[in-house]
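See structure below.
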There are 2 protein chains.
Amino acid sequence: MLNQNPKLDLMFQALADPTRRAMIDRLSRGPASVSELAKPFDMSLPAVVQHLQALEASGLVSSQKVGRVRTCQIEPEALSQAEQWLNERRTLWVKRLDRLGEYLAATEDEEEGK
Amino acid sequence: MLNQNPKLDLMFQALADPTRRAMIDRLSRGPASVSELAKPFDMSLPAVVQHLQALEASGLVSSQKVGRVRTCQIEPEALSQAEQWLNERRTLWVKRLDRLGEYLAATEDEEEGK
DNA sequence: TTGTTACTTAATTTCATGCTTAACCAAAAT
DNA sequence: ATTTTGGTTAAGCATGAAATTAAGTAACAA
């Protein structure tokens, strides 16, 4: 079938979870360690790390370990890809609506011209 | 802490499936009936309808039934909401990076001035 | 060197998702 | 009136995702 883009699957899947969106929200304000990221959540650390793995697998977040601390940050380019997918479809639709509107306006003018 | 916006859960969840994205892609080119939407997929009709229900539950797609034909279309406002969520976080991050860049440039100037 | 911090890995349980077939309904067509 | 078309409902099944606890490792601190 059309449009096999498995990276988008992983991105939107990652974004579907409120915990993971909250993590992205936190990271949009600056980098954070795993335990900083975990702090707001009432959830075990391994659970948080699994969410983080989903975010990294999707490419939305990256991380490096220095000493024993893993620091995470947003990958804006990946966010942008998801954003663009949505934007392209939406504007296609909207432009179609615009053309339809113009057509209707034109045919109304014809009616008036009779 | 959690779940400020459950509608976003449903939207991103809906977008995570390639079949459903292909449906949105199709609908971005204009409205379609259920069986038109189903045609490209090697999948039973009930399966297609279930995907459609996920799209409608999320608000990304709406439909009306006339006679025995259900016609579906995109809800651009919903697409836009998902788009905005991504855009806000990304631009927050990017602006932060810009400020950091300016700061670094400024401290380098100081070094040079010594 | 001993303990604490900051994760990491593994095993398990529970619940949701995506798909199927079968049966059903109601509008159109013949 | 009967059949076909377009869609709906229901039940069941296989898979995968989200969480848990328990146990382990490696860095750093006392």
Side-chain angles (χ1 to χ4, degrees), chain A residues 1-24 26-27 30-73, chain B residues 1-3 5-27 30-73:
Chain A
M1 190 7 35
L2 268 175
N3 243 340
Q4 196 83 313
N5 192 339
K7 215 51 187 283
L8 282 179
D9 290 20
L10 294 177
M11 283 192 218
F12 285 125
Q13 183 64 268
L15 289 164
D17 186 282
T19 300
R20 290 193 290 257
R21 282 204 311 284
M23 286 178 175
I24 290 185
R26 164 63 188 80
L27 290 175
S33 71
V34 172
S35 32
E36 276 180 304
L37 272 179
K39 205 153 289 173
F41 303 108
D42 184 18
M43 174 186 308
S44 69
L45 193 65
V48 169
V49 171
Q50 284 180 71
H51 282 301
L52 219 37
Q53 283 166 353
L55 287 167
E56 287 208 53
S58 75
L60 290 166
V61 165
S62 66
S63 72
Q64 326 73 228
K65 200 167 181 178
V66 171
R68 58 187 169 168
V69 176
R70 175 172 301 280
T71 304
C72 308
Q73 58 269 150
Chain B
M1 173 68 207
L2 276 189
N3 234 336
N5 196 340
K7 212 55 185 285
L8 281 179
D9 290 21
L10 296 176
M11 284 192 217
F12 285 125
Q13 183 65 266
L15 290 164
D17 185 282
T19 300
R20 290 192 291 258
R21 282 203 311 283
M23 286 177 176
I24 290 186
D25 198 63
R26 164 64 188 81
L27 291 175
S33 71
V34 172
S35 32
E36 277 178 305
L37 272 180
K39 205 151 289 175
F41 302 109
D42 183 18
M43 174 185 311
S44 70
L45 194 65
V48 169
V49 171
Q50 281 173 41
H51 282 301
L52 220 35
Q53 283 167 352
L55 287 166
E56 288 208 53
S58 75
L60 290 167
V61 164
S62 67
S63 71
Q64 328 72 230
K65 199 167 179 177
V66 171
R68 58 185 169 169
V69 176
R70 176 172 300 280
T71 304
C72 308
Q73 58 269 149

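Letters A, B, ... are given to chains in the order of the sequence lines, protein chains preceding strands, and every chain is numbered from 1.
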Problem - L27(A) vs Q73(A), side-chain contact (heavy atoms from CB on, under 4.5 Å): CA-CA, chis, key distance, verdict - result: CA-CA 6 Å; L27(A) 290 175; Q73(A) 58 269 150; 5.6 Å; no
Exercise for the section: Return the value, rounded to whole Å, for the distance between atom CD of Q50(B) and atom C1' of dG12(D). Expected result: 12 Å
Problem - Separation of dA27(D) P from Q64(A) CD (nearest whole Å) - result: 17 Å
Problem - Nucleotide dC19(C), atom P - distance to CG of D42(B) in whole Å - result: 11 Å
Exercise for the section: Grab the CG-C1' distance between D9(A) and dT17(C) for me, whole Å please. Expected result: 14 Å
Problem - Residue V49(A), side-chain atoms from C-beta onward, closest of dG18(C), dA18(D), dT8(C) - result: dT8(C)
Practice task
Side-chain contact test, heavy atoms from C-beta onward, threshold under 4.5 Å: evaluate it for R26(A) versus L37(A) and give yes or no.
Solution key: yes
Handout entry: Short side-chain N/O contact to dG6(D) OP1/OP2 from K65(B), under 4.0 Å
Key = no
Problem - Pair of N/O donor and acceptor under 3.5 Å linking dT8(C) base with Q53(A) side chain - result: no
Practice task
Compare side-chain N and O positions of S33(A) against OP1 and OP2 of dC7(C) and report whether any pair is under 4.0 Å apart.
Solution key: yes
Exercise for the section: Round to the nearest Å and state the distance from L52(A) atom CG to dA17(D) atom C1'. Expected result: 16 Å
Exercise for the section: Evaluate the side-chain proximity of T71(A) to V34(A): yes if any heavy-atom separation is below 4.5 Å, no if none is. Expected result: no
Problem - Any donor-acceptor N/O pair under 3.5 Å between dA27(C) base and R68(B) side chain - result: yes
Problem - Contact nearer the 5' end of DNA chain D, comparing R20(A) with V66(A) - result: R20(A)
Completion exercise
Looking only at dT8(D), dC19(C), dT21(D), the nucleotide nearest the P46(B) side chain is dT8(D)
Practice task
Report the distance from atom CZ of R70(A) to atom P of dA26(D), rounded to the nearest whole Å.
Solution key: 14 Å
Problem - Whether R21(A) side chain and L15(A) backbone form a donor-acceptor pair below 3.5 Å - result: yes
Practice task
Assign each of G67(A) and S44(A) to its nearest nucleotide of DNA chain D by heavy atoms, then name whichever residue's nucleotide is nearer the 5' end.
Solution key: S44(A)
Exercise for the section: Could you tell me the separation between the CZ atom of F41(B) and the P atom of dC19(C), rounded to a whole number of Å? Expected result: 10 Å
Problem - L45(A) CG to dG24(D) C1', straight-line distance once rounded to whole Å - result: 14 Å
Practice task
Select base, sugar-phosphate, or nothing to describe what S35(A) touches, counting heavy atoms under 4.0 Å on all strands.
Solution key: sugar-phosphate
Handout entry: Among dC7(C), dA19(D), dT20(C), the nucleotide that comes nearest once only the side chain of V34(A) is considered
Key = dC7(C)
Handout entry: Exam field: side chain R20(B) to backbone Q13(B), donor-acceptor pair closer than 3.5 Å
Key = yes
Exercise for the section: Under 4.0 Å between any heavy atoms, over every strand shown, what does Q13(A) touch: base, sugar-phosphate, or nothing? Just pick one. Expected result: nothing
